[in-house]
Q: 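One structure coming up, written as structure tokens, with questions to follow.
In the text below, chain A, chain B and the rest are named by the order of the sequence lines, each starting its count at 1. No hydrogens, no waters, no symmetry mates; every other heavy atom, side chains included, goes into these values.
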Amino acid sequence: MLDHRLAPLDDTISIDDLTVAPYPIYRRLRAEAPVLRVKSVGRTFLTKAEDCKYVKDTPEIFSSNDPNTPMKRAFLAHTLMRKDGPEHMAERMAMAPALMPKTIQEVWAPLYRQFVDEYLDRLPKGEVVDLHVLLSEPIAARILAHILGIPEATDAQMSFWSQALIDGAGNFGWRPDLFEISDRANAEMDAMLARAVERVRAQPDRSALSVMVNSENPIAMSQIVANIKIAIGGGINEPRDALSTIIYGFLTEPEQLEETRRTGKWGQAFEEGVRWVAPIQASSRLVLEDVEIRGFRIPKGDTVMTIQASANHDEDLFDHPERFDVFRTKNPHQSFGSGPHHCGGAHIARRTVGAIMLEALFERFPNMTLPDPQAVLWRGFGFRGPINLPVKLG
Amino acid sequence: MKITFIAADGTETAVDAAEGESIMRAAVRNDVDGIIGECGGSMMCATCHCYVDEAWADATGQQEDGESDLLDCAASEVRPTSRLSCQIRMSAELEGVVIHLPESQL
């Protein structure tokens, strides 16, 4: 029989607390209240790894289609991120060939190597520079523009569109000014995409846009456009934040850098970086039927939040979870999620940031240092990473 | 039900699986190195790639719809015996099945 106790309700945790320093809060919740209704967020937090994985792997009960978010308004469309079942699958598969390892190996990895050289070439040696702004962000924008099929978009445009969509999709206060900015971004993207569609029709390539447009059985053009936008909104900040986080991890744990250099375990370092500070910290799912988690009744219509950030620090799975440790034996992190919405960009991130960038960066600047680790600011509740990374290149 | 995993370096690990359980799930539950199964069996990640021992190829049956597209994404070499282990469910005919693991999944 279902226990009819609802999860406890917390009215002390603020979104500001979660934005500035979430990890101590999550550590306390894992120990004291792993299923908790958090009033400020209006969601039921799940902070244990097992529960997060269960929710993601059970889409029949935990739907991605949550109509109560500002996402639709920000994107002016319903994107694949918030669909379920066959409809989601059809749209995802339409784009998938561009994101798969074979295409990465043949097209995107060689291109990324070229961009790495270009972007590293323009960094000044011997000076303190903000690597987050000068490297992590623009190179994430550059490769994404090519993968999506809009190479004509500048790094600055890509970054502006991405941030405008993220701010709009996270605009739970429904402020009109943020939607005005996302509307402007949508108009710019629509204009560029209209031209890009004509181009890939005439000259097909391996990009996501081309693969979708030239498919034998294409999805609706409105959905092609919407899903390119979701990839712009969701494809820059994660590789950006992962790269900056890993660089920070290495520069504050120099012996790990030394050992990674010696063993060549750059891929393992990538996995550890995204475990340590998950770029996407939390995801929402709408509960479709009454369900019980750890003895608490989660009623139909509730929205649960899987806190990947916390799952990745769960003491049940990880020793010294708060430490960046490239050489931990097991690393079953959930940073790419699980289930049907498993991150579509996972292969690309692993085979660019993980397999190419890290080694190239530390080879080019073997004596790079972080003069003042305290100067690095970390922010974010839904998405998280450093917002600056002042390093001295040498 | 018994499954024997043989790693790329030849190390054998035998685990117990329940009827109806996928080979991926049994491997992950028993901490078998060499199967990740990151997407939980949704055929999204291609990190549970395995080679079915040739003696068992008939018993495990054919690739499911969509499986070969995903196998194209596998990190290690794809062979005629390649399967996604999340798509093979344990049944009486598979008691004692032997599964070879690839060099890497990522």
Q: Write out all pairs satisfying side chain to side chain donor-acceptor pair (under 3.5 Å) with one or both partners inside residues 335-347 of chain A, taking only residues at least two apart or from two chains.
A: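 Of all non-adjacent pairs touching residues 335-347 of chain A, those that pass side chain to side chain donor-acceptor pair (under 3.5 Å) are A:K53-A:S338, A:D57-A:S338, A:S64-A:H341, A:H88-A:H341, A:N312-A:S335, A:H342-B:E38.
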Q: Listed by chain and number, what are the side-chain hydrogen bond (donor to acceptor under 3.5 Å, both in side chains) partners of B:E12, not counting sequence neighbours?
A: none
Q: Considering residues, nucleotides and ligands other than A:E315, do more than 12 of their heavy atoms fall under 6.0 Å from its CD?
A: yes
Q: Find the distance between SG (B:C45) and CZ (A:F336) and round it off to the nearest 0.5 Å.
A: 11.0 Å
Q: Taking CD in B:Q63 as the centre, count heavy atoms belonging to other residues, nucleotides or ligands within less than 6.0 Å. Is the count above 12?
A: yes
Q: Show, in sequence, the C-alpha distance, side-chain angles and deciding distance for A:M89 and B:M44, and conclude whether the side-chain contact (heavy atoms from CB on, under 4.5 Å) test is met.
A: CA-CA 10 Å; A:M89 192 63 86; B:M44 286 294 162; 3.2 Å; yes
Q: B:I36 versus chain A, heavy atoms under 4.5 Å apart: side chain, backbone, both or neither?
A: neither
Q: Can you establish whether the number of heavy atoms outside B:D9 located under 6.0 Å from its atom CG is more than 12?
A: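 Enclosed: over 12 neighbouring heavy atoms sit under 6.0 Å from CG of B:D9.
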Q: Can you see which heavy atom on B:D31 is nearest to which on A:K330, and at what distance?
A: O-NZ, 3.5 Å
Q: Flag the one option from A:R92, A:E271, A:H333 with the top tally of heavy-atom pairs under 4.5 Å to chain B.
A: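 The answer is A:R92.
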Q: Inspect the surroundings of CD in B:E103 and state if more than 12 heavy atoms from other residues, nucleotides or ligands are less than 6.0 Å away.
A: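 Not buried by this count: 12 neighbours or fewer within 6.0 Å.
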Q: Sort A:Q334 into side chain, backbone, both or neither according to what part of it lies under 4.5 angstrom from a heavy atom of chain B.
A: neither
Q: To check you understand the geometry: which heavy-atom pair defines the closest contact between A:P340 and B:S42, and what is its length?
A: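 Between these two residues, the closest heavy atoms are N-OG, 3.3 Å.
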